[in-house]
Amino acid sequence: MDQYNELPKTYAPAESEDKIYKNWCEKGYFTPDVNNDAEHFSVVIPPPNVTGQLHMGHALDETLQAIRVRYKRMQGCNTLWVPGTDHAGIATQIKVEERLREEEGLTRYDLGREKFLERVWDWKDKYEARITDQLKKLGTSCDWTRQRFTFDEGCSRAVREVFVNLYDKGLIYRGNRIINWCPNCITALSDAEVEYSEQAGFFWHIKYPIKGEEDAYVEVATTRPETMFGDTAVAVNPNDEKNAHLIGKTLILPMVGREIPVVADEYVEIGFGTGCVKITPAHDPNDFLVGQRHNLPVIKVMNDDATINHWGGKYEGMDRYAARKALVADLEAEGYLVKTVPHAHNVGSCYRCRTTVEPIASDQWFVKMEPLAKPALEVVKNGTVKFEPERFSKIYVNWMENVHDWCISRQLWWGHRIPAFYCRDCGEMTVSKEDITVCPKCGGTHIDQENDVLDTWFSSALWPFSTLGWPEKTPDLEKYYPTSVLVTGYDIIFFWVARMIFSGLEHMGREPFHTVFIHGLVRDAQGRKMSKSLGNGIDPLEVIDKYGADALRFALSTGNSPGNDMRFSDEKMEAARNFANKLWNASRFVRMNLTIEKVELPSADKLAAEDKWILSQYNKTVAAVVNALDHYEVGVALAAIYEFIWDVYCDWYIELTKSRLADKGTEGNLVAQNVLCYVLTGTLKMLHPFMPFITEEIYQALPHDGDAESIMISEYPRANEALDFPRESMELSRVIAAIKAIRMRRNEMNVVPSRRAKVYIETKYPESFGEGTYPFFVRLASASEVEVAASFDEQIVSADNAVQIITDSATVYLPMSDLVDTEKERARLENELKKLDGEILRLEKKLSNEGFVAKAPAAVVDAERVKLAKYKENLDGVKAALAKLK
RNA sequence: GGAGGCAUAGCUCAGCUGGUUAGAGUGCAUGCUUGACAUGCAUGAGGUCGUUGGUUCGAUCCCAACUGUCUCCACCA
């Protein structure tokens with residue numbers, strides 16, 4: 001027995017988890033053989049940002065992936081899980097700038113681009129290492145030899161390749177458009193990077209005097225008065241009778257004095273407000289379009305930091321809000337302000353720093369979305385890419401159908417620099433995969449590379465193939481692309497999933513994955529989103545330290561249904577830890593009683609009824625678990641395993657084997673050992689994807705001759721008909737029902753377990769209550785003796801008014817008359833009678849319903865008939881019991 | 001304005017393809033040092049499955065409307 005590890009009294013996750021993980025790594029189990037011909041299963045990790053450390057949301061995401069990956073690997077797939085991290089352009093740059101300011105009082109400009117980037121790389125190294133460590137602590141079976149980073153050499157090459165390809169196809173263009181500008185991050189943002197929230201504001205109604213007309217003016221309303229410095233027209237709807245006469249007139253901008261025309265444009269809604277709209281093409285997306293239609297000048301009135309520029313005249317240099325305040329005061333003083341109306345409106349803010357974004361016309365790079373969106377819609381609509389749960393495909397389709405061109409340039413330093421080169425001599429712009437030093441047009445050598453970098457999602461979009469070596473034609477790419485499933489939260493469908501899909505289709509010619517498995521958010525115990533500002537975030541590492549990684553994984557995957565948010569609490573962790581402890585102790589018990597060195601399932605003729613029963617239950621569980629996992633029902637699968645381990649294996653089977661285990665040296669003892677071990681080992685394998693560490697630890701302590709050296713490379717259990725023994729299962733369940741019934745009655749009568757009583761079992765199924773079952777009644781139902789018969793002499797069982805217990809298959813008599821409160825007993829039996837009457841009535845009605853008998857499936861009808869017969873039998877028993885009550 | 005989710009035991013949530021005496025964890029009550037586990041064992045109380053209709057032989061489950069609640073998208077000055 002010494003070749004197996006001993007199991008200590010208490011499970012110490014912290015020690016064994018690190019040790020086990022290290023061993024898995026050393027054995028190379030995480031690294032698949034690219035030449036293995038088995039069906040492949042590949043996953044790329046949603047790369048965590050190197051901004052910080054992992055939070056509970058990551059832990060959930062990784063857990064769900066980890067379960068799938070281990071499951072598939074154990075099913076024999078050639079399995080690859082690619083780990084990596086994201087450079088997270090804007091987010092990381094902000095973090096590093098913050099630290100620089102706090103610790104050294106410096107800005108990035110003080111350091112300059114090159115030195116600043118060195119700092120960011122230092123930061124990246126530190127946090128990437130930390131994240132990697134955290135992923136390992138969680139037990140993720142990633143192939144660390146293939147770890148990637150969105151800004152590493154290979155990914156950068158892929159980015160460049162893609163950029164140039166798209167540019168050459170005319171799908172990337174440079175244009176002057178209204179974009180979202182963050183004055184704090186000093187960069188453009190894509191639409192997806194702006195978050196809207198309702199804020200209290202005002203409508204300021206302002207008079208614009210009409211040139212050449214005394215005391216005549218038009219009234220416009222605005223929520224952002226400071227943008228009037230950039231007004232280049234006022235628009236009215238040409239069909240608006242009230243205002244049509246204004247068209248063509250000239251207005252004078254108050255405080256500024258500039259003259260602007262009144263133009264006609266159908267964009268203006270008739271009847272809304274005054275019907276006159278000030279047009280500021282440089283600062284509003286709709287106005288920008290109006291401006292284009294009417295050839296209006298675009299006047300940008302703000303600097304990059306949202307201070308007012310020279311167009312603001314005396315307000316120049318003021319911050320946008322200071323300028324607003326001053327301007328409004330001046331307008332009022334000069335009599336131009338008609339009124340101020342409170343108005344709640346949605347204000348967009350930067351998703352990284354929360355600063356209110358400013359729509360500003362600006363020269364930026366864009367990806368033309370329409371040609372890319374079309375095939376990306378198609379693959380989801382035709383099922384090539386499936387969302388799980390399905391409803392998320394609607395969200396995806398809705399977005400993709402309304403997608404705007406994607407602004408991909410960012411005025412940051414941390415990121416992939418756009419590969420556009422400008423010749424200072426002739427002004428030529430060259431977009432190139434390789435850096436150029438000579439202008440291809442004029443031969444000039446004064447070349448400047450574009451300063452802007454790419455949106456961080458531009459590189460994430462390529463992740464499923466850039467990580468596999470693209471643009472090289474690598475064996476990995478050949479083998480593992482398309483990947484199998486992408487696991488991620490619903491909050492990232494637009495940012496990432498959508499962009500991966502069209503990128504994969506465009507550059508690889510194939511979808512990047514066939515299933516998108518979407519999960520919800522992890523919330524705190526009160527149901528609030530975990531966030532830094534609320535301070536309610538929970539660090540997964542702390543939880544792991546306290547309860548173990550397995551417990552965390554259990555807590556995150558149990559009771560979690562796909563796509564739904566979940567709450568996380570200490571209570572859940574305790575329940576998870578308790579489950580691990582239960583499994584541990586059950587295994588300890590099995591281990592303690594082992595004398596065999598090799599597990600072999602005994603032949604059917606040697607198995608006892610309870611062995612056949614547990615094997616059948618086990619087999620049923622395997623089938624249920626596999627089915628649930630195949631349908632991404634992680635919570636359902638785990639619930640089935642939990643129930644089997646706790647309520648079936650521990651509470652019943654182990655108890656039922658105890659008498660045989662006590663009889664050392666008998667054949668029954670050996671059979672029990674083998675079955676205990678066989679089922680436990682299979683159960684551990686079933687559970688392994690969910691709780692990898694504890695299952696490995698126990699597996700190593702059990703005999704597994706001929707089986708894999710590690711549970712993680714063993715074969716996942718499969719449903720097996722040879723383990724099904726329906727007849728014996730049913731027979732044993734009769735015994736269990738009788739034991740439960742006895743316990744219940746004794747408990748009701750407040751009889752302590754130590755007080756034993758003889759048990760008479762009157763049954764039509766004596767074969768179910770063979771002598772082998774007697775010890776069960778002694779052990780589990782406080783029986784002193786057991787007697788079984790088809791019918792007992794009245795004298796024996798009712799002479800002293802024994803307690804009668806009616807089950808589906810037997811009537812049990814307990815001669816404990818001194819304990820019986822006859823009135824209570826009568827009331828109980830009558831209550832039982834009422835319940836049964838009700839059920840019988842319900843079923844009879846159902847069965848006499850012609851529609852039901854005719855239309856319901858035969859199996860359903862039969863089942864109802866059997867049920868009815870059973871209830872009737874019980875009813876007779878209860879009636880007889882009542883009659884016998886004195 | 002558009003779209004989607006959720007509503008089941010005191011609390012947190014399961015319930016896959018309509019047929020179950022509607023489940024779990026936790027909490028509560030009662031009793032237990034029953035050969036591993038008090039991070040345990042046994043037993044119990046507790047639900048008109050949000051409301052109203054519809055489809056069906058049959059609805060917690062499908063459909064519609066409503067109410068409450070959360071979220072996403074768009075955004076009219």
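Computation of the quantities below employed the complete heavy-atom set of this structure, encompassing side-chain atoms and omitting hydrogens, waters and symmetry-equivalent molecules. All chains are named by letter (A, B, ...) in the order of the sequence lines, taking the proteins before the strands, and each is independently numbered beginning at 1. In this text, all values refer to a predicted model and were calculated from it rather than measured experimentally.
- Straight-line distance from the CD atom of A/Glu574 to the P atom of B/rC11: 20 Å, rounded to whole Å.
- Rounded to an integer number of Å, the gap from A/Trp584 CH2 to B/rU39 C1' is 14 Å.
- No contact: A/Phe392 has no heavy atom under 4.0 Å from any strand.
- Distances shown here put every side-chain N or O of A/Ser569 at or beyond 4.0 Å from the OP1 or OP2 atom of B/rU12.
- Distance from the side chain of A/Phe589 is smallest to B/rG35 among B/rG35, B/rC41, B/rG25.
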Between protein and nucleotides 43-48 of chain B, what N or O pairs are separated by less than 3.5 Å?
{"residue": "B/rU43", "atom": "O4'", "partner": "A/Asn747", "partner atom": "ND2", "Å": "3.3"}

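- Rounded to whole Å, the distance from CG on A/Leu638 to C1' on B/rC13 is 14 Å.
- Counting only N and O atoms by type, the side chains of A/Glu193 and A/Tyr351 include a donor and acceptor under 3.5 Å apart.
- B/rA24 and B/rA14 have their P atoms separated by 16 Å, with the value rounded to a whole Å.
- For A/Asn564, the listed nucleotide lying nearest its side chain is B/rC6; candidates were B/rC6, B/rU39, B/rG35.
- Judged purely by distance below 3.5 Å, without hydrogens or angles, the side chains of A/Asp265 and A/His294 pair a donor atom with an acceptor atom.
- Atom CZ of A/Phe579 is separated from atom C1' of B/rU26 by 16 Å (rounded to the nearest Å).
- Look at CG on A/Asp565: it is 14 Å from C1' on B/rU12, rounded to the nearest Å.
- Heavy-atom nearest nucleotides on RNA chain B were determined for A/Glu633 and for A/Ala525, and the one closer to the 5' end corresponds to A/Ala525.
- With both ends at atom C1', the span from B/rG50 to B/rC6 equals 11 Å, rounded to whole Å.
- By the salt bridge (Lys or Arg N to Asp or Glu O under 4.0 Å) test, A/Glu873 is found to be paired with A/Lys764, residues two or more places apart in sequence or in another chain being considered.
- A/Tyr649 places no side-chain N or O within donor-acceptor distance of the main-chain N or O of A/Ala586, the cut-off being under 3.5 Å.
- Between A/Lys582 and B/rG40 there is no side-chain N or O to OP1 or OP2 distance below 4.0 Å.
- Few gaps surround NZ on A/Lys658; more than 12 heavy atoms of other groups in view lie less than 6.0 Å from it.
- Using modelled atom types, one finds a donor on one side chain and an acceptor on the other under 3.5 Å when comparing A/Gln673 with A/Asn669.
- Toward the 5' end of RNA chain B, the nearer of the two residues A/Trp646 and A/Leu836, judged by each one's closest nucleotide, is A/Leu836.
- Checking B/rA36, B/rG5, B/rG40 against every side-chain atom of A/Asn578, the shortest atom distance belongs to B/rG40.
- Rounded to whole Å, the separation between the C1' atoms of B/rU33 and B/rG40 comes to 11 Å.
- Judged by distance alone, with hydrogens and angles left aside, A/Glu655 brings no side-chain donor or acceptor close enough to the base of B/rA42 to form a pair under 3.5 Å.
- Residue A/Asn593 is out of contact with every strand shown, counting any heavy-atom pair closer than 4.0 Å.
- B/rG19 sits 10 Å from B/rA59 when the C1' atoms are compared, rounded to a whole Å.
- Within the nucleic acid shown, A/Arg577 comes within 4.0 Å of at least one base atom, counting heavy atoms only.
- In the model, A/Tyr642 has no side-chain atom that pairs as donor or acceptor with a side-chain atom of A/Asp647 under 3.5 Å.
- Heavy atoms from other residues, nucleotides or ligands lying under 6.0 Å from CD of A/Glu850 number 12 at most.
- When each of B/rC16, B/rU39, B/rG19 is scored by its nearest atom to the side-chain atoms of A/Asn627, the top-ranked nucleotide is B/rC16.
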List, with names and distances, any nitrogen or oxygen atoms from the protein found under 3.5 Å away from nitrogen or oxygen atoms belonging to nucleotides 54-61 of chain B.
{"residue": "B/rC57", "atom": "OP1", "partner": "A/Lys855", "partner atom": "NZ", "Å": "2.1"}
{"residue": "B/rC57", "atom": "O2'", "partner": "A/Asn849", "partner atom": "ND2", "Å": "2.6"}

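- At least one test fails for A/Lys207 against the ring of A/Tyr336: distance under 6.0 Å to the centre or angle within 45° of the axis.
- With no hydrogens or angles considered, a side-chain donor-acceptor pair links A/Lys278 and A/Thr227 at under 3.5 Å.
- An OP1 or OP2 oxygen of B/rU12 is reached within less than 4.0 angstrom by a side-chain nitrogen or oxygen of A/Arg567.
- Nucleotides B/rC66 and B/rC57 place their P atoms 28 Å apart, quoted to the nearest Å.
- Using a 4.0 Å heavy-atom distance criterion, A/Ala580 is classed as making no nucleic acid contact.
- Ion pairing between A/Glu226 and A/Arg324 holds under the 4.0 Å rule for side-chain N and carboxylate O.
- Checked against B/rU20, B/rU39, B/rG5, the side chain of A/Lys867 finds its nearest nucleotide in B/rU20.
- Between the side chains of A/Asn243 and A/Asn237, not a single donor N or O lies within less than 3.5 Å of an accepting N or O.
- The CD atom of A/Glu195 sits 11 Å away from the P atom of B/rA74 (whole-angstrom rounding).
- Residue A/Arg746 places no side-chain N or O under 4.0 Å from the OP1 or OP2 atom of B/rA42.
- The OG1 atom of A/Thr558 sits 4.5 Å away from atom CG of A/Leu638, with the distance rounded to the nearest 0.5 Å.
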Dot-bracket for RNA chain B, 5' to 3', Watson-Crick and G-U pairs with both distances under 3.5 Å, [ ] for crossing pairs, | for partner on another strand, reads (((((((..((((.....[...)))).(((((.......))))).....(((((..]....))))))))))))....
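- Put simply, CG on A/Asn750 is 11 Å from P on B/rU30, counting in whole angstrom units.
- Nucleotides B/rU55 and B/rC73 are separated by 40 Å at their P atoms, to the nearest Å.
- Here, B/rG1 and B/rG27 have their C1' atoms 45 Å apart, quoted to the whole Å.
- Closest approach of A/Glu358 to A/Arg224, counting heavy atoms only: OE2-NH1, 2.8 Å.
- Rounded to whole Å, the distance from OH on A/Tyr490 to P on B/rG5 is 13 Å.
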For nucleotides 75-77 of chain B, print each protein N/O atom paired with a nucleotide N/O atom at under 3.5 Å, atom names and distance only.
{"residue": "B/rC75", "atom": "N3", "partner": "A/Asn346", "partner atom": "ND2", "Å": "2.7"}
{"residue": "B/rC75", "atom": "N4", "partner": "A/Asn346", "partner atom": "ND2", "Å": "2.9"}
{"residue": "B/rC76", "atom": "OP1", "partner": "A/Asn286", "partner atom": "ND2", "Å": "2.9"}
{"residue": "B/rC76", "atom": "O2", "partner": "A/Glu269", "partner atom": "OE1", "Å": "2.7"}
{"residue": "B/rC76", "atom": "N3", "partner": "A/Glu269", "partner atom": "OE1", "Å": "2.7"}
{"residue": "B/rA77", "atom": "O2'", "partner": "A/Ala221", "partner atom": "O", "Å": "2.9"}
{"residue": "B/rA77", "atom": "N6", "partner": "A/Glu269", "partner atom": "O", "Å": "3.3"}
{"residue": "B/rA77", "atom": "N6", "partner": "A/Phe272", "partner atom": "O", "Å": "2.4"}
{"residue": "B/rA77", "atom": "N1", "partner": "A/Glu269", "partner atom": "N", "Å": "3.4"}

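- We find that A/Glu844 and A/Lys872 are joined by a salt bridge, their nearest charged nitrogen and carboxylate oxygen being less than 4.0 Å apart.
- Between A/Tyr547 and A/Asp570, the side chains place a donor N or O and an acceptor N or O closer than 3.5 Å (distance only, hydrogens not considered).
- Under the ring pair (Phe, Tyr, Trp, His ring centres under 6.0 Å) criterion, A/Trp399 pairs with A/Phe494, not counting sequence neighbours.
- Ranking B/rG25, B/rC6, B/rU39 by closeness to the A/Ala575 side chain, first place goes to B/rG25.
- Across the P atoms, B/rA36 and B/rC41 are found 13 Å apart, a figure rounded to whole Å.
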